[in-house]
There are 2 protein chains.
Amino acid sequence: MPDMVADKRIVRVDLGSRSYDILIGRDLIAHAGGEMLARLSARKVAIVTDANVAPLYLDALTESLQTDGIETFAMTLAAGEKTKSFDNLTAVTDFILDARIERSDAVIALGGGVIGDLTGFAAAIVRRGVRFIQVPTSLLAQVDSSVGGKTGINARQGKNLVGAFHQPDLVIADTATLDTLSPREFAAGYAEVVKYGLIDQPDFFHWLEKHRADVFSGGIERTEAIARSCQAKAAVVAADERETGARALLNLGHTFGHALERATNYDSARLVHGEGVAIGMVLAHEFSARMNLASPDDAKRVAAHLKAAGLPTSMHDIDGKLPPPDILMDAIGQDKKVKGGKLTFILTRGIGEAFIADDVPPSEVLSFLTEKHPQ
Amino acid sequence: MPDMVADKRIVRVDLGSRSYDILIGRDLIAHAGGEMLARLSARKVAIVTDANVAPLYLDALTESLQTDGIETFAMTLAAGEKTKSFDNLTAVTDFILDARIERSDAVIALGGGVIGDLTGFAAAIVRRGVRFIQVPTSLLAQVDSSVGGKTGINARQGKNLVGAFHQPDLVIADTATLDTLSPREFAAGYAEVVKYGLIDQPDFFHWLEKHRADVFSGGIERTEAIARSCQAKAAVVAADERETGARALLNLGHTFGHALERATNYDSARLVHGEGVAIGMVLAHEFSARMNLASPDDAKRVAAHLKAAGLPTSMHDIDGKLPPPDILMDAIGQDKKVKGGKLTFILTRGIGEAFIADDVPPSEVLSFLTEKHPQ
């Protein structure tokens, strides 16, 4: 086991009075109490986790906090995307209020993106905002959802349509937790790592093409990839906290991805978020090529890299029937990146050259989807 | 009927990029479309109102908006405090999403504080924030809840324990709507008007002692009192938007008041919010006198003024049995103005000299409540 301190990386998210640290390193959960108290003086914490994560890390986290004299409460929810519901939001806020968490105490999300999004939203609205700490245990959560303050739940009308901006006070990314991920789940998180290269860091994409195997096997390259991803996201978030401009670049692959997630009814047996993003990024590159913005070779290169990482890269890779293209379009129209009837997409001029296009004609997207649609 | 333009007062809430106007005047609802379009370019609005208000003003509001080419949707909820529930929050967000309100469209709350708090909270969380317009139709909402961006619902554990800060983009206070209020409801709103004098404007309190009857009968003094109240609140909100400091002064009378509302199970037949605040303000002055901070004569003068306005001024004035003092204390402890076990109260050194005391010993409050408690 590498030395904890030597291995630890700190990425600062610079947001004025709401700035915070992301800690990245092996076995950090065992030091969570000390890391927290070094930054904030909460005396009580309410931990929310899920049934997959609780048996693995809840005891270690609780022990570390209690050793440092912090009173703890814990709630364990079912695992899976369907947990991001209004019913669970009610249940989690009830749990936090019953624990009498005050504004100066803290709520901790221990788990992947689902637990982080739901718990962060509850922390945002209880007493109009209590302190919030992310302890992400999936690669996806470590490089994406735990950073930046977007929280929320799914609605009948679409994914993440209800939520709040609520920055965490601290993120503790224990990279040892990734050792227990299934290869499929690790790959899904890797899609978001690749995304940062595709947005505006072609050299990072080239580095990933070279070091993908090392990132997967867990060497120092894994820590490097996570830290670099967090830095990339932190820079975008610092420039545009509430997604009025450049932050939308982080949605590369997400408009198509969300539509596919909705089309598969958030059934993780068929498609998880990162897989939707992987297919969505390929579609975004293909659509950009179709609009004569980028070379078709870039789309092929992106697809080849994601495929080598074990990710799906086209709608054909999704098990079972997809709804027809016009229903997919409807899901895209319900996505929140819509302005006055025109669609906002993240398109690209090539690898690492993504940009925001806010005047994409829905008719072009529909014919593209019809072309790409299985059957 | 006074000339609409001549009668109109505009109070600006100065919050940088989130600044907005409060319009105060007779028959403004009939001009809502034009007033809105002069400030923001929404093409669609979703109106939320209640069953008491809808028959009176929904048609007039809808007609004004449609005349100006704005598409409208409307939802009518049951009237009353119990409407501020998680179930209705889900229903209202569903309604807004089904209407496909985008971030640049708007949600309108047409009604009193309950409708404003609930609807504003829904507007805050749909797509992580859509535009929001308040059309308050009660005195309480016009002078207090519609200004300042506090939104929320009640939880099992207490009132307003779940919510968000979400500033409106415009407030349209049509003073003609107050003509249809019951005397009891008008008086309840008047308690908040008096509060602004008691916080830091002794001259306003003296003015109210002189002009109370004119404010009630609806002369130019009513408009003056509402505008002055909005100005007072706007100044406090501008100085401390998220209630980290001075804004807490607005809670004068509210910690006791909320506890009494909870103790009567939010049963408006027994106690409405403004009545709880009226009793709470008297208790805050009496408690301050007991702590040798203020003269007992001030408490008597405050009670006399509120009583003359038809408001309850002691726990004895509440119909039915109240829970014992220790249960009231429990409700106070669940109130969100708690820091590290000590109670934060707004106390006073005299009329117009309120201050924040954040180290009030719970034991003192308990013996005070035991003294004051009926039986």
Side-chain angles (χ1 to χ4, degrees), chain A residues 17-18 41-44 85-105 121-130 149-158 160-166 241-244 330 333-342 344, chain B residues 17-18 41-44 85-105 121-130 149-158 160-166 241-244 330 333-342 344:
Chain A
S17 64
R18 293 185 310 288
S41 61
R43 309 189 315 169
K44 238 191 229 183
S85 67
F86 248 112
D87 282 350
N88 279 321
L89 179 69
T90 311
V92 173
T93 58
D94 254 349
F95 160 65
I96 297 169
L97 286 168
D98 282 340
R100 297 201 168 207
I101 295 295
E102 301 177 3
R103 280 192 186 168
S104 53
D105 296 323
F121 187 25
I125 64 177
V126 167
R127 301 177 195 277
R128 298 197 185 93
V130 296
K150 274 199 190 180
T151 70
I153 56 174
N154 300 324
R156 180 168 49 75
Q157 297 84 353
N160 294 317
L161 285 177
V162 177
F165 288 95
H166 188 58
E241 186 180 358
R242 296 181 75 94
E243 196 173 7
T244 55
D330 196 58
Q334 260 298 347
D335 201 70
K336 64 195 162 310
K337 291 164 284 300
V338 176
K339 213 176 237 175
K342 291 276 185 177
T344 297
Chain B
S17 64
R18 293 187 309 290
S41 60
R43 308 191 314 170
K44 238 191 229 184
S85 67
F86 249 113
D87 283 350
N88 278 322
L89 180 69
T90 311
V92 173
T93 58
D94 254 349
F95 161 64
I96 297 170
L97 286 167
D98 283 339
R100 299 203 166 204
I101 295 294
E102 302 178 5
R103 280 192 186 167
S104 54
D105 296 323
F121 188 24
I125 63 177
V126 166
R127 301 175 195 277
R128 298 196 186 91
V130 295
K150 275 200 189 179
T151 69
I153 56 175
N154 300 324
R156 179 167 49 75
Q157 297 84 353
N160 293 318
L161 285 176
V162 177
F165 287 95
H166 189 58
E241 185 180 358
R242 295 181 75 93
E243 197 172 7
T244 55
D330 196 60
Q334 260 296 349
D335 201 70
K336 62 198 164 309
K337 290 162 284 300
V338 176
K339 215 175 237 175
K342 291 275 185 177
T344 297

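Numbered from 1 within each chain, the chains take letters A, B, ... in sequence-line order. Below, each value reflects all heavy atoms present in this structure, side chains not excepted, and no hydrogens, waters or symmetry copies.
- Interface check for chain A: of the options B:A122, B:G129, B:G152, B:G163, the most heavy-atom pairs under 4.5 Å are formed by B:G163.
- Note: B:R156 CZ to A:L97 CG = 8.5 Å, rounded to the nearest 0.5 Å.
- In this structure, the portion of B:A124 lying under 4.5 Å from any heavy atom of chain A is its backbone and not its side chain.
- Both the backbone and the side chain of A:D94 have a heavy atom closer than 4.5 Å to some heavy atom of chain B.
- Chosen from A:I96, A:T151, A:I153, the residue pairing most often with chain B at heavy-atom distances under 4.5 Å is A:T151.
- A distance of 9.0 Å separates CZ in A:R128 from CG in B:L161, rounded to the nearest 0.5 Å.
- Only the backbone of A:A164 comes within less than 4.5 Å of a heavy atom of chain B; no side-chain atom from C-beta onward does.
- The contact between B:T90 and chain A is made by backbone and side chain atoms together, counting heavy-atom distances below 4.5 Å.
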